[in-house]
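Just below is one structure, and these are the notes that go with it.
Quick note: numbers below take in every heavy atom, side chains included, and nothing from hydrogens, waters or symmetry partners. Chain naming here is simple, since letters A, B, ... match the order of the sequence lines and numbering starts at 1 in each.
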Amino acid sequence: MQSRRRKYLWLILSASWLLLILLAAPRLRQLAIPPSLRPKTLTSWPRWLDQELLLSFVGPEELSKDPCPPSCSTHQWRNQRLGCLMETCFDTSRCQSQGFKVFVYPTGLTQPISKVHHKVLASIEGSRYHTANPEEACLFVLPGDALGPQLLPLWNGGQNHLIFHLHPGSWPDLGFDPGQAMVARASPTPETFRLGFDVSLPLFPQSYPQRGGSQSQLTHLIPTPGEDLLAFEGQLDMWVTGSYNQRDQNAILIPSDRHGETSKGHRDGPCKQDQTTEQSEDQKRLYNSTFCFIPPNCRLGSFHLLQALKAGCIPVVLSRGWELPFSEVIDWGTAAIIIDERHLYQIKSVLQGLPPARVLALRQQTQFLWDAYFSSVEKIVYTTLEIVRDRIFRAASRPRLLWNAPPGGLLALPTFSTHLGDFPFYYLRHGSRPSGRFSALIWVGSLDQPPVKLIQEVAGSQHCAQILVLWSNDSPPPAQGKWPQTTVPLTVIEGRKKKSDRFFPYSAISTDAILSLDAHSALSTSEVNFAFVVWQSFPERIVGFQTRSHFWDETKGSWGYTDQRPNEFSVVLTAAAFYHRYYHNLFTHSLPAPLRDLVDELSACEDILMNFLVAEVTKLPPIKVPQRKQLQEVLSPQHPRAEQQLKNCINRFASWFGRMPLVHSQLRLDPVLFKDQVSVLRKKYRHLERL
Amino acid sequence: MCASVKYNIRGPALIPRMKTKHRLYYITLFSVVLLGLIATGVFQFWPHSIESSSDWAVEKRSIHDVPVVKLPADSPIPERGDLSCRMHTCFDVYRCGFNPKNKIKVYIYSLKKYVDDFEVPVSNTISREYNELLTAISDSDFYTDDINRACLFVPSIDVLNQKTLRIKETAQALAQLSRWDRGTNQLLFNMLPGEPPDYNTALDVPRDRALLAGGGFSTWTYRQGYDVSIPVYSSLSAEVDLPERGPGPRRYFLLSSQMALHPEYRSELEALQAKHGESVLVLEKCTNLSEGVLSTRKRCHKDQVFDYPQILQEASFCVVLRGARLGQAALSDVLQAGCVPVIIADSYILPFSEVLDWKRASVVIPEEKMREMYSVLRSIPQRQIEEMQRQARWFWEAYFQSMKSIALATLQIINDRIYPYAAISYEEWNDPPAVKWSSVSNPLFLPLIPPQSQGFTAVVLTYDRVESLFRVITEVSKVPSLSKLLVVWNNQNKNPPEDSLWPKIRVPLKVVRTAENKLSNRFFPYAEIETEAVLAIDDDIIMLTADELQFGYEVWREFPDRLVGYPGRLHLWDHEMSKWKYESEWTNEVSMVLTGVAFYHKYFNYLYTYKMPGDIKNWVDAHMNCEDIAMNFLVANVTGKAVIKVTPRKKFKCPECTAIDGLSLDQTHMVERSECINKFASVFGTMPLKVVEHRADPVLYKDDFPEKLKSFPNIGSL
């Protein structure tokens with residue numbers, strides 16, 4: 001018994017001790033550790049006992065009264081002329097009546113101009129912006145950058161003038177005062193750059209292609225295991241010396257001067273002309289590196305930047321207040337690693353610390369930017385002009401996303417819309433989808449009867465919103481009573497009897513989708529339905545039935561066009577095809593008039609041009625869906641002359657685009673149960689299978 | 001024992017009677033314990049102020065108790081602001097150092113009261129708003145109390161409103177701050193710069209190299225990439241609760257509510273009103289308000305009195321004109337009301353314009369074009385106006401609402417400049433939550449058809465069916481574009497067959513052994529996979545022809561961001577049970593493909609292994625099922641796109657049943673698969689799968705065309 005009690009006592013005792021230890025231990029530990037080693041709690045900003053009594057920084061009356069002195073009257077304020085702004089140095093009223101038209105001074109006015117300037121001027125002259133009449137011009141472009149502009153008849157202090165300052169090598173200083181003229185130049189410094197007025201260009205060599213340019217070269221979106229981390233090429237500026245062993249991923253750049261203090265001295269010095277960079281032998285190395293170091297020396301950095309973009313190598317830009325090319329619209333943070341030059345030592349850890357998802361996104365963005373804005377002189381010039389245009393028409397300017405997501409600002413026209421959901425490209429980003437109906441646009445050329453059967457079949461589709469008949473026949477359209485009765489509205493539009501009319505953005509088109517048809521096309525309701533459902537999955541592409549293919553004719557050294565390669569295709573005929581109505585806008589407003597004239601002259605080229613345009617925008621092939629009847633006989637050109645004409649077309653388009661944008665596809669999208677061994681009653685599109 | 005009996009009679013005793021020696025011993029012991037307990041208790045609950053102040057984080061003091069600092073009249077004045085300052089010239093990044101979090105540290109000087117030689121205060125000690133701002137910084141992740149570790153310094157000298165301070169003396173006060181150092185890395189907040197009559201657009205206090213977060217910059221005073229343009233805080237943000245107004249037409253098209261407009265502007269606006277009638281409303285100050293009514297909360301038009309800012313919610317567009325200053329507090333009110341601001345202030349640098357895309361939330365009209373304003377606004381479609389309204393409201397909620405949001409946005413912008421490679425993206429700054437939620441940014445956004453020459457890597461997952469595995473290897477090796485074969489040996493108890501026993505094939509064959517028998521091993525991003533395209537294939541898929549596999553690869557090249565597979569499946573909504581159902585019947589639609597044989601981009605391996613949301617990966621490994629459904633969910637969720645099913649349906653030997661060997665497509669299996677769909681849908685918070693009605697066939701599939709001339713003749717045959 002005694003022992004039991006003792007046990008009991010011991011239990012209490014040990015419990016008390018335990019309690020004691022538990023309670024005291026943290027305190028004791030705190031006492032044992034010297035104060036300097038203790039984890040600190042932050043001393044934060046005090047909570048004032050009387051903070052309720054604090055006064056506001058401004059009285060309520062004062063803010064809303066905000067007396068307006070005479071100086072805030074528009075005119076007085078305007079006269080300050082502190083520096084040029086679009087609002088103060090540019091006369092936008094010149095652009096109101098005729099839109100954004102660009103006049104180029106004739107080259108004869110001045111001394112011979114450089115090759116690069118020739119390319120710039122040729123680009124403008126061949127573009128949709130160009131006007132030969134200075135009266136209707138909104139913007140004037142100087143033929144060079146080395147003349148006294150005072151000689152120009154319309155100089156007017158430089159107002160509404162744009163100077164392309166492209167002289168490589170020399171320190172960017174114009175030989176004259178640009179006055180109120182905008183200057184587009186490579187790598188301007190913050191001191192010379194008038195924000196929101198001047199344009200920052202990339203530096204490109206004399207040999208740069210006029211149009212087209214090489215396409216993106218990246219094959220692996222994800223860095224392959226053997227790839228180098230960082231590469232640079234060319235001579236570095238004096239302040240960064242040291243070596244980078246390209247095989248050794250652990251190597252880093254070693255600057256000779258830790259604080260980069262001396263760099264200041266070099267900054268103002270002239271850049272040496274580095275001709276060797278134009279024809280680089282080290283280009284291959286770029287393709288095998290994930291990142292490319294862009295030396296911060298003067299303007300050559302800008303040239304390296306282009307090379308890196310082309311190679312799909314992510315530029316690592318040491319910023320020194322360098323205005324990156326087109327930085328007004330391009331979000332460079334999504335395509336390059338920008339790092340303070342004083343963080344040079346950290347480059348390696350920064351690069352290695354980037355998550356794979358970011359590297360993947362950066363890599364793709366380099367390719368997109370290259371292809372959208374930098375691959376040719378023409379693109380660089382058009383981008384410059386479009387930036388200026390966006391400033392002039394601010395209310396109808398592109399949102400940032402249009403500039404920074406495929407297909408890019410040059411192919412997303414703000415004259416069509418500035419709303420993301422209206423374009424075929426951004427549905428996913430915008431979180432919306434194309435409207436669930438389509439407008440059928442029937443082109444009536446040689447017939448003089450209404451295509452009754454076709455209209456009935458198309459109108460039978462539950463997705464059909466309206467039928468538009470484009471009457472392009474010489475005879476007047478049949479009377480009201482001759483047209484079939486349809487459940488959907490039917491409108492007859494009298495065209496100008498030109499082929500390019502069928503791609504005109506008629507305001508009557510109310511849906512996102514257009515079903516383009518020829519009067520003699522034969523389609524069934526079920527074919528229309530299935531094709532439309534497919535189009536909804538691919539709203540940026542052409543979805544059609546009849547296909548053709550382009551090929552390179554080795555023997556003739558030119559492009560060929562055929563229907564004899566049925567295993568693949570690159571063109572879908574627009575005699576029966578779905579596409580987004582935006583392409584009508586693009587066709588009519590972005591292509592230069594001569595191309596559309598060509599289409600009007602020749603018989604069957606509008607198909608090819610439309611396919612070129614869509615392929616240039618999407619970089620993807622069109623989509624083929626099944627069709628019951630083979631219409632080949634009806635549609636294919638029989639005459640050798642017609643064939644010759646088509647060949648002629650495709651080659652002229654290819655030269656205008658600067659490259660062959662068409663892409664081949666080997667597949668056709670069929671209904672899921674198409675011709676499967678299952679009861680036809682289970683199939684939704686069973687009519688597609690009856691022969 | 002006898003003793004115990006005795007005590008029992010007396011009842012329970014706390015202290016047993018023992019020998020005196022023992023008793024003493026026990027009593028001593030108890031008292032020691034008791035004493036210890038008391039001591040600890042006292043220690044624990046004693047007021048902490050007697051200890052070192054480190055634990056007592058938040059001081060409670062009166063504002064009147066702050067130390068007073070006397071500024072001698074001849075104390076130094078900083079240089080005027082240097083207009084050429086940029087981050088790379090005037091900012092010392094070495095102070096910020098390099099840290100893995102890429103976060104700057106901000107120090108706040110303690111509050112002092114500055115007086116001149118005659119004891120006249122230099123300014124109000126601190127305003128309510130500035131106190132809120134400093135509190136917000138202090139509560140944020142940016143804050144440090146260690147002056148030596150700080151990279152950015154915020155003086156507690158309140159310069160929000162230039163009118164409330166004495167310029168020269170304030171400058172002197174700044175100059176004597178302990179880390180002033182010509183203003184390097186000092187950040188000043190100012191909302192109302194300038195004084196009559198000229199109203200400079202930046203704070204007039206000489207401040208040398210200090211960064212200025214200013215609320216009214218013009219192009220000429222704003223140092224791009226150095227200063228930060230901030231809003232002018234409106235106290236109505238806190239005083240008035242305006243619930244967000246949904247989309248839909250509003251009563252007025254255009255509204256002007258500012259009271260102190262320049263007569264020229266007002267006459268322009270009134271001309272607009274006269275021309276367009278009811279849809280335009282130009283309000284002004286009320287002249288005949290009764291006593292006690294706050295004139296700032298009322299606006300009038302002729303005899304009508306309107307509540308401000310509520311009236312702003314009745315308009316689609318609200319004019320924000322420049323006053324004496326460029327920055328207007330009215331902008332905040334307008335945004336709060338979800339009215340699209342029409343900003344008419346040439347050269348004004350909009351708040352946070354470095355990161356915010358104002359085109360999405362506002363219309364900027366040049367002062368000269370005021371007359372054309374109405375037609376410009378009318379050309380904006382209603383859908384876009386509604387999006388702009390939502391965007392405007394979101395800007396207010398995120399960046400205008402309180403001094404805290406203004407302070408944190410400012411610090412984040414500076415942070416982004418110092419660590420540009422870790423900067424917050426455009427989408428994060430600009431997309432309202434609703435857009436962030438509904439929009440999809442495909443990680444493989446570049447429209448690029450990978451070159452055919454690259455080929456694909458086949459990854460065969462196997463356990464121990466060697467015979468079948470070898471047949472699969474032999475079959476797959478016949479596909480022309482195969483560039484490598486990877487066998488994932490998922491059996492830890494058995495070694496893979498010897499090298500000599502494997503079929504001899506024309507491409508490299510690698511065997512990877514796994515540490516655990518997990519289904520996720522199939523989707524591990526093995527370094528051996530060098531091609532972008534991966535063909536996942538089970539060790540029992542022998543019914544596909546080389547033509548079908550090659551064609552599958554060609555299809556994948558055209559859709560590299562999608563899952564391209566053979567057997568298709570569908571998810572359906574079961575209305576009776578109110579949940580998702582798995583369907584493997586012959587349907588007209590597909591929303592999934594089985595990964596028993598499917599092509600996909602290798603990036604999805606990385607996503608599956610490291611970025612799979614929630615506990616899906618563990619669920620899959622625990623249930624030994626549904627890894628394919630998980631992959632379908634993942635890809636559809638991240639790309640927003642549907643799968644591509646290739647070629648006609650074949651009688652597969654139930655490829656999805658390999659995991660549960662022996663069970664055919666019976667009820668349990670279907671139930672389990674349905675359960676997976678429901679589980680995953682709840683983890684993803686949505687149903688990402690997309691339903692389509694098409695599949696991909698070769699162009700000439702079943703066409704009336706000689707078979708031998710077709711590229712892929714051997715399709716669909718059994």
Using a cut-off of under 4.5 Å on heavy-atom pairs, state which of [options] scores highest against chain A.
| options | answer |
| --- | --- |
| L709(B), L607(B), T587(B), I418(B) | T587(B) |
| K690(B), K710(B), E532(B), K611(B) | E532(B) |
| G568(B), S438(B), P450(B) | S438(B) |
| L446(B), V699(B), I380(B), V555(B) | V699(B) |
| E530(B), K702(B), R383(B) | R383(B) |

Is the closest basic N to carboxylate O distance between R360(B) and E387(B) below 4.0 Å?
->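 No, no charged N to carboxylate O under 4.0 Å.
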
Side-chain ion pair, R400(A) and D357(B), N-O less than 4.0 Å =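 Salt bridge flag = no for D357(B) with R400(A).
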
Less than 4.5 Å to any heavy atom of chain A: does that hold for the side chain of [X], its backbone, both, or neither?
| X | result |
| --- | --- |
| D697(B) | both |
| I449(B) | side chain |
| P451(B) | side chain |
| S379(B) | neither |
| Y606(B) | side chain |
| Q384(B) | both |
| Y701(B) | both |
| A423(B) | neither |
| T135(B) | both |
| L377(B) | neither |
| K369(B) | side chain |
| T125(B) | neither |
| E554(B) | side chain |
| K641(B) | side chain |

Please flag which part of [X] lies under 4.5 Å from any non-hydrogen atom of chain B: side chain, backbone, both or neither.
| X | result |
| --- | --- |
| Q536(A) | neither |
| T418(A) | both |
| D670(A) | both |
| L55(A) | backbone |
| K624(A) | side chain |
| V534(A) | both |
| V625(A) | neither |
| Y426(A) | neither |
| S537(A) | both |
| F674(A) | both |
| T334(A) | neither |
| Q96(A) | side chain |
| P406(A) | side chain |

Rounded to the nearest 0.5 Å, how far apart are [atom1] of [X] and [atom2] of [Y]?
| X | Y | atom1 | atom2 | result |
| --- | --- | --- | --- | --- |
| F57(A) | D158(B) | CZ | CG | 9.0 Å |
| I108(B) | S156(B) | CD1 | OG | 8.5 Å |
| I126(B) | N131(B) | CD1 | CG | 4.5 Å |

Does the side chain of [X] pick up a donor-acceptor pair with the side chain of [Y] at under 3.5 Å?
| X | Y | value |
| --- | --- | --- |
| H64(B) | S62(B) | no |
| E568(A) | S711(B) | no |
| D139(B) | W45(A) | no |
| Y265(B) | E367(B) | yes |

Answer yes or no: is there a side-chain heavy-atom contact under 4.5 Å between [X] and [Y]?
| X | Y | result |
| --- | --- | --- |
| F368(A) | Q365(A) | yes |
| I338(A) | Y421(B) | no |
| F569(A) | Q666(A) | no |
| Q364(A) | L221(A) | yes |

So which of E52(A), Q677(A), R398(A), M86(A) has the biggest tally of heavy-atom pairs under 4.5 Å with chain B?
->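 Counting heavy-atom pairs under 4.5 Å, the top option is R398(A).
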
Most heavy-atom pairs under 4.5 angstrom with chain B, which of S93(A), A336(A), P671(A), A395(A)?
->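 Most heavy-atom pairs within the cutoff with chain B belong to P671(A).
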
Is a side-chain N or O of [X] found less than 3.5 angstrom from the main chain of [Y], in a donor-acceptor match?
| X | Y | result |
| --- | --- | --- |
| S127(B) | Y130(B) | yes |
| D340(A) | R342(A) | yes |
| D676(A) | V678(A) | no |

Are there more than 12 heavy atoms of other residues, nucleotides or ligands under 6.0 Å from atom CZ of R358(A)?
->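 Atom CZ in R358(A) is packed in, count exceeds 12.
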
Side chain to side chain donor-acceptor pair (under 3.5 Å) assessment of D422(A) paired with S417(A) = CA-CA 7 Å; D422(A) 287 341; S417(A) 169; 2.8 Å; yes

Stepwise side chain to side chain donor-acceptor pair (under 3.5 Å) test for E693(B) and Y685(A) = CA-CA 10 Å; E693(B) 300 182 4; Y685(A) 299 100; 2.3 Å; yes

